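A quick note: this is a predicted structure, and the numbers were derived from the prediction, not measured. Lettering of chains follows the sequences in order, A, B, ..., and the numbering in each one begins at 1.
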Amino acid sequence: MPELPDVEGFRRYFARHAAGRQVRGVRVRDAALVRNTSAQGLGRALAGQRFEQPSRTGKWLIAPAGGPRVLMHFGMTGLLSWSSGGDDEHRHDRVIFEVEGGELRYRNMRRFGGVWLAPAGTSVEKVTGPLGPDAMSLDRERLGELLAGRRGGIKAALMDQRLIAGIGNLLSDEVLWRARIHPSRPAHALSPRRIEALDRELHDVIAASNRRGRIPPQEGWLTGARDRRDGRCPRCGGPLRRGTVAGRTACWCPRCQRER
DNA sequence: TTGCATGTTCCGGA
DNA sequence: GTCCGGAACATGCA
């Protein structure tokens, strides 16, 4: 699931269940998903510390705990699961944070992503690498500036985390469909009107998705039609097209989103 | 059995 | 240096 709205949901989930609670220990079920330290290193850094309010940048969840911070990336199949009743672990629970009153489980079927530690005094960017401004806090002017400097296609630009953080395959398709922009259109060639539409739809889609903690597969949205065998555009009723753009399976309406 | 999946990274080539 | 396509990574499902 994880694009910006999903991770925003995980942030709230973390805040509700784990923030303010002291860490008792960490159980690592899959050492490979603790990416930049050992299971012992993670446990030593966190034990006795108290989780503070988490933050999110792009698709990264950042959980401070005293000095050190835990960073989580969810890949394509990651999520968080809280347990206060000692119920059975899921087979894909990879790292388990034991806190007062329960435990927060980092689950990830496909094992992309993982858990990182940013020790006190080190920068978060050292873990995440360079990230552009978060898509949620982007304004139209900045969006226009960022896109003006790109030579490639608009979909590739939107999904480039170094340019803008948080947008993935589903979000980019949804926003481009709403703004009536073909995913292959050169990013720098968008008119001010298209930039304005893109900015508006980006924020509308993110706001609506954040409320649900996911990009909803909903009537009237591209997401509600894109996975059907004969998917039709919710706006014009024409047949949707799918194809590879920027290395991903893109979906668009060839009537509403003209090539140029 | 084959292809595909909401992510990132690395490589070769234009 | 920029950008793109393709492959790799790992696992499950239609």
Interatomic distance at C1', B:dT6 relative to C:dC3, whole Å: 23 Å
Parallel, tilted or perpendicular: ring planes of A:F10 versus A:F74, cut at 30 and 60 degrees: tilted
Under 4.0 Å protein heavy-atom contact, by nucleotide of nucleotides 5-14 of chain C - B base, S sugar-phosphate only: S---BBBS--
Whole angstrom value for the distance that separates P of B:dT6 from CG of A:N108: 15 Å
Any A:K59 side-chain nitrogen or oxygen under 4.0 Å from OP1 or OP2 of B:dT6: no
Test: A:R69 and A:E52 ion pair at under 4.0 Å: no
Touch class at under 4.0 angstrom, heavy-atom based, for A:G113 against every strand present: nothing
Value in whole Å for how far the C1' atom of B:dT8 lies from CZ of A:R162: 11 Å
Separation of B:dG7 C1' from A:I215 CD1 (nearest whole Å): 13 Å
Whole-Å gap separating C1' (C:dC3) and NZ (A:K155): 16 Å
Interatomic distance, A:D160 CG vs C:dT2 C1' [rounded to whole Å]: 11 Å
DNA chain B contacts among residues 167-175 of chain A, heavy-atom distance under 4.0 Å: A:G168, A:N169, A:L170
Separation of C:dC3 P from A:I154 CD1 (nearest whole Å): 12 Å
B:dG7 OP1/OP2 closer than 4.0 Å to side-chain N/O of A:H73: no
Mutual orientation of the aromatic rings belonging to A:H17 and A:Y13 [parallel < 30°, tilted 30-60°, perpendicular > 60°]: perpendicular
P spacing across the pair C:dG1 / B:dT8, given as an integer number of angstrom: 23 Å
Electrostatic pair A:D160-A:R150, nearest N-O below 4.0 angstrom: yes
Stepwise side-chain contact (heavy atoms from CB on, under 4.5 Å) test for A:V95 and A:R29: CA-CA 6 Å; A:V95 180; A:R29 298 301 189 210; over 6 Å; no
Cationic N near anionic O, under 4.0 Å, A:R21 to A:E100: no
A:M76 CE to B:dT8 C1', straight-line distance once rounded to whole Å: 10 Å
Any-strand Watson-Crick or G-U partner of C:dC4, both distances under 3.5 Å: B:dG12
Pair A:Y106-A:F97, ring pair (Phe, Tyr, Trp, His ring centres under 6.0 Å): steps then yes or no: CA-CA 8 Å; A:Y106 172 87; A:F97 300 92; 8.0 Å; no
Electrostatic pair A:E103-A:R27, nearest N-O below 4.0 angstrom: yes
Touch class at under 4.0 angstrom, heavy-atom based, for A:G153 against every strand present: sugar-phosphate
Cationic N near anionic O, under 4.0 Å, A:R193 to A:E196: no
Under 4.0 angstrom between A:R248 side-chain N/O and B:dG7 OP1 or OP2: yes
N-O pairing of A:D6 and A:K59 below 4.0 Å: no
d(CG, A:L61; P, B:dG7) in whole Å: 17 Å
Touch class at under 4.0 angstrom, heavy-atom based, for A:R214 against every strand present: nothing
Residue mapping more 5' on DNA chain B - nearest nucleotide basis, A:R242 or A:T128: A:R242
